[in-house]
Amino acid sequence: MKTSNELKIYNSLRKEKETFKPIHESHIGMYVCGPTVYNEVHLGNCRTFMSFDIVFRYLKHLGYKVRYVRNITDVGHLVGDVDTGSEGKIAKRARLEKLEPMEIVQKYTNSFHKVMAKFNTLPPSIEPTATGHIIEQIEMVQSIIDNGYGYEVNGSVYFDVQKLVSEGKIHDHIYGHLSGKKQEDLFTATRDDLKNQGEKRHPSDFAIWVKAAPNHIMRWQSPWSEGFPGWHLECSAMSTKYLGDRFDIHGGGLDLQFPHHENEIAQNMGACGCAPVNYWMHANMLLLNGKKMSKSKGNSILPKELFDGGHKMFEDDRGYSPMTVRFFMLQAHYRSELNITQEGLDAAEKGYARLMHANQTLDKLDYLGKETITKKDTELLALLAEANELAVALATYNAEGIQASPKIFLATAFASFALLNKLEKLVNPLVKNYEQNHSKNDLGKTLWSIQEFVANTIQQLLDMNNTLRQLPVQLNKFLELDLEHLLGDEASQTKRLRGQFKGFEKKMAHLVEQLTNLNQHNAIVSDPALAREDAIRSNLNGFYEKMNDDFHTPSAIANLFELSKQINQIKKCQLHGTKNLSLATFNRLQNTFSTLIFEVLGLKDETLSMNDDGDTLDQVLQMLIKMRQDARQNKDFATSDKIRNELHKLGIQLHDNKTETTWEKI
RNA sequence: GGUCGGGUGGCCGAGUGGUUAGGCAGAGGUCUGCAAAACCUUGUACGUCAGUUCGAAUCUGGUCCCGACCUCCA
């Protein structure tokens, strides 16, 4: 297992995980390509932004000051359709909806923010728009031209990719490296049905300023023509403006790797002479029906359709809450494809609830102290060690051995009997208690209160099953021997010995059987406190190790589930009066768990009613719970069940346990 | 066609040259007036064919299948 304290990030630039070293010690610049606001964001878009929300949150959690810039693309992006000429997506949408382009932009920007808020993603530090940075973009085009990487044709300006490629490595970067494109491919790959192909010097060149066609609505004045900035320019201009010529992290969807990000680098190289980004991160695609989710291909699902239910992909009309969806996505690594299915969402829903319940349980837990190891524990442990020694010792005896050292043999044999008796003395009360109180509360109490430490030794005892069974087998072998003769002077003891042999095997078999039985009925929990301390510590540490491993949320969540199990066990132990945890570990768990869930993973507890009426609602419910308790006391189960069932219909689930009844929204 | 990535148990989804991912679902048990939750135990696995190796699901090669990018897309 990797036990690195260093954050490692998979860098698309070099196709490997690298230790993250920020440019400035404590301040990090991160740029993520945002949405084009000409339509509702679909769920695939959301996945990318949630992935980088995790990056943002975790970096902040580690103590970095992060400037997170995510743009809103509110101009450009020509639709590929040849019939529409050079019309942009936003302009086209504006025409279809009979609105101003800026009305379209505002409408879908608002909607985007609303959706992202539902998913509980933090807003970026700066959210610049392309139309708000036309001047910066024009300046960048000018710089690119001035540096000899851009050329103007008929009012449009193109980036001279060939020139950049011909210069080879510039400041450790080669065009095409990010997307893994070979230079020969770049020369031939580009299809020739693109607009204005004829104006380019080379097929791989791309527009950085486009002269607007007469029917184009969105247009600005520039030194070259009335037009609009090229497809990739805004990110270069705005990242430079807010994060500088060089910054730490640039993120986006994998589908932007080429050509968008490749060209972004080219533009920065052209304008500033340096590669802008140290760590390129790419989030993988969300799949629907095994194919990339995509608006243009009609293979997409909107967040709203998922929340409200009724989407055609689901059998029933049920929906899934934003946090269920978020959790679903966090259970896959951001660099893996994720196929969205109903079964997957169902599983996520339950897993998410499990985590929330554990957190609520932990929240209410008080520290009850820690018991030291009891006398009983040490006794049993010592006996186990003794049993082992005796078994080993007896196994070495043969006829010659007995004759050579009769006294030692006798001592060993009698010690075995003594051991059996002592074990019985310790175990029998447990068995007796179990048998007498088979379905009584005391059973649990008694058995839990013997301390898990004892439980563990019993487990060890069972593990030694074979060894223990060997004891009588070994002794029986000696019955075949002429002990009187072999033992000589000690022969007077043999009568007693033979007598004890007879019952030994039976007794031992019985003891082992009883223990096995107890264990199978889960009367004894094989989960010692010592192991618990360890489990809690290692899983808390594990969370950080996994997150440090390229933000590996699925593995980190596995650690949280392990912690959930521990929390539930602590609760169960406490109900049975067992105190089993050190204060330090308890405090650490209670202080950290919710932080990891809420602050780092960005989940919210939807199972609690945290609205304005929460207090009142709770009071009302406490009243009903009290009434129901009274009914139950009086064995009036008809009434108690009615209360519970009626509440259930209203979406309130009651949970009974030994000491109290709790409620939650479902 | 070119480039790249992947094929893991009923489902989702990690990881690894020999040692538990995890969640959901399934089976058995404990607790419980009954539920719910929780706890304990548990089965099923690494597309296919060959090779390297003491040992491969993990490495190599062939093969089949799927996906992404090459055209706006997160």
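The structure presented is a predicted model; accordingly, all values stated were derived computationally and were not measured. The sequence lines fix the lettering, A, B, ..., with proteins before strands; numbering per chain opens at 1.
A donor-acceptor contact under 3.5 Å is formed by the side chain of A/Arg644 with the base of B/A35. The base of B/G33 sits within donor-acceptor range of the side chain of A/Arg632, with an N or O pair under 3.5 Å. For A/Lys295 against B/C73, no side-chain N or O and base N or O form a donor-acceptor pair under 3.5 Å.
Computed from coordinates, the A/Glu545 CD to B/G15 C1' distance equals 15 Å when rounded to whole Å. The NE2 atom of A/His648 sits 8 Å away from the C1' atom of B/A36 (whole-angstrom rounding). Whole-Å rounding puts the A/Arg335 CZ to B/A14 P distance at 10 Å. Across the protein-nucleic acid pair, A/Arg628 atom CZ and B/A36 atom P stand 13 Å apart, rounded to whole Å. Rounded to a whole Å, the CD1 atom of A/Ile90 is 12 Å from the C1' atom of B/C72. Rounded to an integer number of Å, the gap from CE of A/Met293 to P of B/C73 is 18 Å.
Nucleic acid contact for A/His42: base, since at least one base atom lies under 4.0 Å from a heavy atom of the residue. If you check every strand for non-hydrogen atoms under 4.0 Å, A/Ala283 touches nothing. In this structure, A/Gln257 reaches neither bases nor backbone, as no heavy-atom distance under 4.0 Å exists between it and the strands shown. Across all strands shown, A/Leu256 has heavy atoms under 4.0 Å from sugar-phosphate atoms exclusively, and none from any base. When heavy atoms are screened at a 4.0 angstrom cut-off, A/Lys635 is found touching no nucleic acid atom at all. Heavy atoms of A/Phe561 sit under 4.0 angstrom from primed sugar atoms or phosphate atoms, though from no base atom. Nucleic acid contact for A/Gly34: sugar-phosphate only, since backbone atoms but no base atoms lie under 4.0 Å from a heavy atom of the residue.
Stem analysis of RNA chain B (at least three stacked-register Watson-Crick or G-U pairs, each with both distances under 3.5 Å) gives B:1-7 with B:64-70, B:10-12 with B:22-24, B:26-30 with B:38-42, B:47-51 with B:59-63.
Listed by first and then second residue, the salt bridge (Lys or Arg N to Asp or Glu O under 4.0 Å) pairs involving residues 322-335 of chain A are A/Asp53-A/Arg326, A/Arg335-A/Asp550 (not counting sequence neighbours).
The shortest distance between the side-chain N/O atoms of A/His552 and the OP1/OP2 oxygens of B/G15 is below 4.0 Å. One finds no side-chain N or O of A/Gln360 lying less than 4.0 angstrom from the OP1 or OP2 phosphate oxygen of B/A37. An OP1 or OP2 oxygen of B/A14 is reached within less than 4.0 angstrom by a side-chain nitrogen or oxygen of A/Ser336. Residue A/Asn568 places none of its side-chain N or O atoms closer than 4.0 Å to OP1 or OP2 of B/A38.
On the C1' atoms, B/U20 is 16 Å away from B/C46, given to the nearest whole Å. On the C1' atoms, B/G23 is 11 Å away from B/A14, given to the nearest whole Å. Distance check on atom P: B/G22 versus B/G43 gives 12 Å, rounded to whole Å.
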Distances under 3.5 Å between nitrogen or oxygen atoms of protein and nucleotides 65-69 of chain B:
{"unit_1": "B/G67", "atom_1": "OP1", "unit_2": "A/Lys291", "atom_2": "NZ", "d": "3.4"}
{"unit_1": "B/G67", "atom_1": "O2'", "unit_2": "A/Glu337", "atom_2": "OE2", "d": "2.8"}
{"unit_1": "B/A68", "atom_1": "OP1", "unit_2": "A/Lys292", "atom_2": "N", "d": "3.3"}
{"unit_1": "B/C69", "atom_1": "OP1", "unit_2": "A/Lys292", "atom_2": "NZ", "d": "2.1"}

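Inter-residue side-chain proximity for A/Val55 and A/Tyr68 is flagged as unmet; no heavy-atom pair is nearer than 4.5 Å.
Considering A/Glu262, A/His261, A/His260 in turn, A/Glu262 is the only one that fulfils the side chain to side chain donor-acceptor pair (under 3.5 Å) rule with A/Ser179. Each of A/His655, A/Gln653, A/Gln360 was scored for a side chain to side chain donor-acceptor pair (under 3.5 Å) with A/Glu664, with one residue passing: A/His655.
Evaluation of the salt bridge (charged side-chain N to carboxylate O under 4.0 Å, His left out) rule for A/Asp630 yields A/Lys626 as partners, not counting sequence neighbours. Among residues two or more places apart in sequence or in another chain, the salt bridge (charged side-chain N to carboxylate O under 4.0 Å, His left out) test is passed with A/Lys565 by none.
Between A/Phe159 atom CZ and A/Leu233 atom CG the span is 10.5 Å, to the nearest 0.5 Å.
For residues 345-353 of chain A, proximity to RNA chain B is found at A/Ala347, A/Lys350, A/Gly351, defined as any non-hydrogen atom under 4.0 angstrom from a strand atom.
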